[in-house]
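Here the structure is laid out as structure tokens; the discussion comes afterwards.
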Amino acid sequence: MESVREILDRVARGVFPPADGRTTVLPQPGPRHAGVLAFTAHSVVVTDEDPAWVYDTLRGLDCDPLSAALHPRFLAALLERTGRQAETVDAVLVAGPLPGVPALALTEIRDAGHPRIRYARERRDEVRAWQADGGVLVTGRGTAGRLEVSVEVDETARERGLGRRLAGAARRLAEEPLWAQVAPGNARSLRAFQAAGYDVVGAELLLRLPGSAEDARVPQ
């Protein structure tokens with residue numbers, strides 16, 4: 001049976017699951033990593049719950065089967081069954097690394113108490129962060145160990161292309177594909193990542209373990 005990481009690695013190379021309208025259920029690669037990954041006409045439910053329960057619940061929905069795995073009723077049932085928490089369904093983007101050094105002047109943040117680092121460590125391992133003039137760039141290992149990136153731009157520095165430059169700088173700091181998760185309504189962030197060469201490859205909702213002390217969601 002293929003793993004979540006194998007699927008993600010192929011997607012990063014432009015090879016997607018078959019667009020056959022089916023849903024694949026795979027075990028969690030780790031306690032933190034549960035959720036639903038949706039690609040064109042194929043979804044992957046990542047959970048240690050009984051696959052039979054997943055398929056029975058999906059069949060019981062009165063909706064388009066192509067979107068059933070991200071239907072609110074299924075997600076609510078999955079959250080109740082697992083006892084986990086969730087935020088929003090995100091668009092997922094990926095880009096390959098680039099040679100050279102970032103054009104932006106970046107200073108690595110070593111302060112473990114920095115709010116962006118604290119937030120990232122609730123979701124990712126091997127977190128690193130850099131400060132630029134007017135923004136912050138953060139990377140870390142998230143779902144199935146993939147390398148994820150997020151950026152934050154100060155209110156006073158917006159509308160100047162800094163988000164795009166931060167997202168592009170991340171590609172020059174990485175040696176493997178970089179993944180970004182962006183709320184679909186955050187059009188500004190989506191445009192910034194796409195302008196930096198990231199491709200939209202799907203959508204996902206990740207389920208968090210309950211009881212962790214987290215800050216409010218930080219805009220990307």
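The first residue in the sequence is number 1, and the count goes up from there. Atoms considered below: every heavy atom in the structure, side chains included; atoms not considered: hydrogens, waters and symmetry mates. Just so it is clear, the structure is predicted and the values come from calculations on it, not from any experiment.
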- Message: A side-chain contact here means heavy atoms from C-beta on lying under 4.5 Å apart; do Pro29 and Val46 qualify?
- Response: yes
- Task: Report yes if the side chains of Leu162 and Leu104 come closer than 4.5 Å at any heavy-atom pair, otherwise no.
- Result: yes
- Item | Heavy-atom pair of closest approach, residues Pro17 and Phe39 | CG-CD1, 3.7 Å
- Task: Kindly state each residue pair satisfying side chain to side chain donor-acceptor pair (under 3.5 Å) with at least one member in residues 34-47, sequence neighbours excluded.
- Result: Asp20-His42, Thr24-His42
- Note on the structure: Minimal heavy-atom distance between Val127 and Ala120, with the atoms involved, is CG1-CB, 3.8 Å
- Query: With Asp64, which residues qualify under side-chain contact (heavy atoms from CB on, under 4.5 Å), at least two apart?
  - Reply: Leu66, Ser67
- Query: Name the one of Val153, Leu106, Ile109 that satisfies side chain to side chain contact (heavy atoms under 4.5 Å, CB included) with Val136?
  - Reply: Ile109
- Between CZ on residue Arg165 and CG on residue Leu137, distance to nearest 0.5 Å: 13.0 Å
- Query: What are the two closest non-hydrogen atoms of Leu166 and Ala132, and how far apart are they?
  - Reply: CD2-CB, 3.9 Å
- Item | For Asp125, salt bridge (Lys or Arg N to Asp or Glu O under 4.0 Å) partners two or more places apart | Arg32
- Message: Please enumerate all residues that pass side chain to side chain donor-acceptor pair (under 3.5 Å) together with Asp9, with sequence neighbours excluded.
- Response: Arg5
- Note on the structure: Looking only at heavy atoms, the pair that brings Val4 and Ala144 closest together is CG1-CB, 4.0 Å
- Query: Can you name the residues that form a side chain to side chain donor-acceptor pair (under 3.5 Å) with Arg172, not counting sequence neighbours?
  - Reply: none
Atom pairs and distances, side-chain donor-acceptor, residues 93-102, under 3.5 Å, sequence neighbours left out:
none

- Message: Looking at every heavy atom in both Ala91 and Leu190, which two are closest together, and how far apart are they?
- Response: CB-CD2, 4.0 Å
- State which residues pass salt bridge (Lys or Arg N to Asp or Glu O under 4.0 Å) with Arg188; sequence neighbours excluded, sorted by chain then number. Glu159
- Between Thr143 and the options Arg123, Glu148, Arg124, Gln28, the side chain to side chain contact (heavy atoms under 4.5 Å, CB included) test singles out Glu148
- Could you give me the CA-CA distance, side-chain angles and deciding distance for Leu37 and Leu8, then say whether side chain to side chain contact (heavy atoms under 4.5 Å, CB included) is met? CA-CA 10 Å; Leu37 315 178; Leu8 292 173; 4.3 Å; yes
- Message: So, using side chain to side chain donor-acceptor pair (under 3.5 Å) as the criterion, who are the partners of Arg128 when residues are at least two apart?
- Response: Glu108
- Could you list the residues that satisfy side chain to side chain donor-acceptor pair (under 3.5 Å) with Glu2, not counting sequence neighbours? Arg10
- Message: With a 4.0 Å cut-off on N to O distance, would you call Glu87 and Arg208 a salt bridge?
- Response: yes
- Item | Distance in Å, Asn186 CG paired with Phe193 CZ, rounded so as to fall on 0.5 Å steps | 9.5 Å
- Task: May I ask you to list the residues sharing a hydrophobic cluster with Leu207, side-chain cutoff 4.5 Å, ordered by chain and number?
- Result: Val25, Val36, Val45, Trp53, Val54, Tyr55, Leu58, Leu61, Leu70, Phe74, Leu75, Leu78, Leu79, Val89, Leu205
- Closest contact, heavy atoms only, Thr88 versus Ala183: OG1-CB, 4.4 Å
- Could you note down all residue pairs passing side chain to side chain donor-acceptor pair (under 3.5 Å) where residues 191-206 supplies at least one of them, sequence neighbours left out? Arg146-Glu204, Gln181-Glu204
- Item | Pairwise distance CG(Asp62) to CZ(Arg73) - rounded to 0.5 angstrom | 7.5 Å
- Query: By side-chain contact (heavy atoms from CB on, under 4.5 Å), which residues pair with Pro65, not counting sequence neighbours?
  - Reply: none
